[in-house]
Amino acid sequence: MSTVQTFDLPIRGMTCAGCAGRVERALGKVPGVIGASVNLASEHAHVEVGGSQLATLIDAVKQAGYDVPLTTLELAIEGMTCASCVGRVERALNKVPGVHSASVNLATERAHVQLIDSTDGAELIAAVARAGYSASLLVRAPQVDPQSALRRERWTVIIALLLAMPLALPMFAEWAGLHWMLPAWVQFALATPVQFVLGARFYVAAWKAVRAGSGNMDLLVALGTSAGYGLSLYLWATAGHHTPHLYFEASAVVIALVLLGKYLESRAKRQTSAAIRALEALRPEHATRLVDGREEEVAIAALRLGDRIVVRPGERFPVDGEVLEGHSQADEALISGESLPVPKTAGDKVTGGAINGEGRLVVSATALGSETVLARIIRLVEDAQAAKAPIQKLVDRVSAVFVPVVLLIALATLGGWLLAGAGAEQALINAVAVLVIACPCALGLATPAAIMAGTGVAARHGILIKDAEALELAHRVSVVAFDKTGTLTSGRPRIVHLATAGIDEDQLLALAGALQQGSEHPLARAVLATTSERGLIVPTVSNSQALAGRGIRGEVEGRSLVLGNQRLFDELSLSSELQRQASEWEAEGRTLSWLIEQSEPVRVLGLLAFGDSLKEGAAEAIAALRERGIESHLISGDNAGSAGAVGKTLGIDSIHAQVLPADKATHVSELKKGGATVAMVGDGINDAPALAAADVGIAMGGGTDVAMHAAGITLMRGDPRLVPAALAISRRTWSKIQQNLFWAFVYNLVGIPLAAFGLLNPMVAGAAMALSSVSVVSNALLLNTWKPELEKRP
């Protein structure tokens, strides 16, 4: 008979009694629900259900159009050694009432728990303790110096090796033709502290696993080495006056090798989290605040929004802010991956953690603490490293049955050799070899180690991967759909064509620039930017007058001039030899401005065509995708001429123009229905539905928070070349995951039969087991050498 559980679900989005009724009906339809009542005032649903159905209940509420807010807690877990431990902790956490999901990462030794109500975590910590491990809330976790812990682990390994080496020397001497053996009491004296002092951790962890009704790597090591040690004691006690061959060296060397493997693994795992530590190191502890013209040094926590902060040359910006005074440059390499310093002057935004260049700046604080860009980057990288890739589910299922299967194989090995007529001594040693070589540790590390390394190196180059699923899917992308404005183009107009009638181009630009002086209109800024690039002297304007919706009028060098759009041209009933050219440019989606002299007769002096400028690297990005066999699509709300001009220039495979924001997601869905794995790249609020609909959403740096929230990957700077780079690091990471899983399985598929057939002694099996974990993490660390193609070029 199933147990009855009671849940109090917080509900968001209800506005009336009709909403409460709809939620009640939705919950009542869930199989197993005995009763459901919704309180509109408290915004909670009280549900009684047979069995644990929390995830189903939440899905029912969401399908009814409402939301169940979830609280997220991070736990630091101590004592895990292999994939079996991960599964046991996850099962323990998922049994706690109110837990929606729990994901445990062996490489980071953290648990990511989502639950329906805020809590101090006491129940979660107690559940982990009952499973045989220790846990603490991450925010309250003691700050242990990783180097200190590694030093202690290193000394343990050194002592174990020093004690085990004399035991192993006779075996090496035998290979050289020398036959000698240490006295039995010496072997006993050397092996015992290794077995029961240095190896005590295996017994403790194994006992906790047995008490929790499960098994792990420590249980295999404890059983195997204890069997070798016990056999040696028995042979010594029954030998009489001669010294028999003992197996103390097998148990001691196995423990020493396993400890060595765990130490090397810890060192390698520390390197996989180097990206987080590098980001956290960017946070300064103090800032210089400017109060009434006086500088004072304060802790970062004491700053408030709007505070004026002095940043001297070479210092890091303590918070996000806006430059009030000064001129300088900012090195943002570790934050955005931008290799060149970025100029900063009054009005520019600065990011906390970036390094100020040669100038003194006064900055107004605009974001503090957890709201800064750096804090959000760290959260994204931490979440991605803690997340599980979908392929990990297969590994978890294998790990759940791995230890029991190995124990059965060891028993079968023992029985098989006995039935084959071998002595009990030989049968037991072969069974011990099976127990020792079987290591689920490599299986547990294969995926998370690669994900940690891949997301870490991506973050260093300005690519933030929000979740492991996006990382896994991105390697399969066959179509990349781009928004246009702000993604492939800068979103700032520039002059793309000029045509003159009776004057030269420089004169046309100088006169147009004179009329546009002082204007903040985007087209005016484009004209003045071009005059500045050409080094033209712009004359002064007088009697300037704006013509609403049409242009601007003024007197320049005694000439009455007007710069206006097509509407003004038509109102003046003008004709010009440039009209055919104007029609062609208008068909390209260009914005036109006519320069007209209003003397007698009125005459056209020239025509300027404006268009959105392509971002640097846009053409390279499309070419890189084409080289890899990936189709590119442009999905834009702009007119066909403008979208077509951009698409033709860049060589995009398919162009969809005048697409409403709501229809962008439909286009993406149609591509997916055709069998393509689609990545959508955008930067605006109107791109968010399409980003969410795509298999992989990629938000461009500088875009809206909504777009970044909907995307699985965020590019920290608006360089289109980071799109193929993001797909490249995904492919590299996926390749490492496959390699790791292959080797983790091969070690066991090859090693266990060899041990069962007596072809491996326990010491070689122990070395192979240690090597499997170290090789998996070391292979993942090779991802740290990856660089985007754009950085490889001279």
Side-chain angles (χ1 to χ4, degrees), residues 103 105 107-108 110 112 272-280 334-338 373-392 446-477 480 621 630 677-683 691-692 694-703 705 707-738 740 780-791:
S103 175
N105 189 311
T108 60
R110 293 184 182 182
H112 182 85
T272 61
S273 59
I276 291 289
R277 293 197 307 277
L279 289 169
E280 288 174 339
L334 273 173
I335 298 169
S336 67
E338 176 59 66
V373 169
L374 180 59
R376 285 185 289 175
I377 291 173
I378 292 173
R379 277 202 304 275
L380 279 173
V381 177
E382 285 179 335
D383 289 347
Q385 293 189 341
K388 283 193 175 185
I391 194 173
Q392 184 66 22
T447 301
I451 287 174
M452 288 178 68
T455 54
V457 72
R460 286 203 298 274
H461 295 287
I463 302 167
L464 294 183
I465 300 171
K466 192 166 72 175
D467 56 59
E469 187 172 1
L471 186 71
E472 183 171 324
L473 284 172
H475 82 280
R476 297 206 306 261
V477 166
V480 177
I630 299 174
T677 301
V678 182
M680 174 69 196
V681 188
D683 74 321
L691 291 170
D695 295 295
V696 180
I698 302 177
M700 297 293 285
D705 287 343
M708 293 183 186
H709 182 74
I713 298 174
T714 297
L715 309 179
M716 286 305 296
R717 61 185 193 275
D719 188 340
R721 290 173 295 184
L722 287 180
V723 173
L727 302 183
I729 186 58
S730 169
R731 276 195 299 275
R732 285 285 296 275
T733 304
W734 175 250
S735 175
K736 289 299 178 190
I737 290 173
Q738 289 181 308
N740 283 352
L781 286 175
L782 293 176
L783 285 167
N784 287 328
T785 63
W786 177 82
K787 285 185 178 180
E789 287 294 328
L790 64 127
E791 293 186 17

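As the structure is a prediction and not an experimental result, all values here were calculated from the model.
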A.B. asks: Of the non-hydrogen atoms in N784 and R460, which two are nearest, and what is the gap between them?
C.D. replies: OD1-NH2, 3.5 Å
A.B. asks: Looking at every non-hydrogen atom in both residues, tell me the closest pair between G462 and L722 and how far apart they are.
C.D. replies: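 Heavy atoms of G462 and L722 come nearest at O-CD1, 4.0 Å.
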A.B. asks: Are H112 and N105 packed together at the side-chain level, in the sense that at least one heavy-atom pair is separated by less than 4.5 angstrom?
C.D. replies: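 A side-chain contact under 4.5 Å is absent here.
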A.B. asks: May I ask you to test the W734-R476 pair for a side-chain heavy-atom distance under 4.5 Å?
C.D. replies: no
A.B. asks: Minimum heavy-atom separation for A725 to W786, with atom names?
C.D. replies: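 Looking at all heavy atoms of both residues, the shortest contact is O-CZ2, 3.4 Å.
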A.B. asks: How far does NZ of K736 sit from CG of L782, to the nearest 0.5 angstrom?
C.D. replies: 4.5 Å
A.B. asks: Can you tell me how far CG of L781 sits from CE of M452, rounded to the nearest 0.5 angstrom?
C.D. replies: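 Here the interatomic distance stands at 9.5 Å.
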A.B. asks: Which heavy-atom pair separates P720 from M700 by the least distance, and what is that distance?
C.D. replies: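 Smallest heavy-atom distance, with atoms named: N-CE, 3.9 Å.
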A.B. asks: In Å and rounded to the nearest 0.5 Å, what is the CD1 to CG distance from I698 to L464?
C.D. replies: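 I698 atom CD1 to L464 atom CG measures 12.5 Å (nearest 0.5 Å).
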A.B. asks: Could you tell me which non-hydrogen atom of R717 sits nearest to which non-hydrogen atom of H461, and how far apart they are?
C.D. replies: NH1-O, 3.5 Å
A.B. asks: Between L471 and S730, which heavy-atom pair has the shortest distance, and what is it?
C.D. replies: O-OG, 2.5 Å
A.B. asks: Look up atom CD1 in I713 and atom CG in L727, then write down how far apart they are to the nearest 0.5 Å.
C.D. replies: 7.0 Å
A.B. asks: Just by distance, do the side chain of T677 and the backbone of V477 share a donor-acceptor pair under 3.5 Å?
C.D. replies: no
A.B. asks: Does T733 reach the main-chain N or O of I451 with its side chain, forming a donor-acceptor pair under 3.5 Å?
C.D. replies: no
A.B. asks: Side chain to side chain contact (heavy atoms under 4.5 Å, CB included) with A458: which residues, sequence neighbours excluded?
C.D. replies: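 Once residues adjacent in sequence are excluded, the partners of A458 under the side chain to side chain contact (heavy atoms under 4.5 Å, CB included) criterion are I463, I465, I729.
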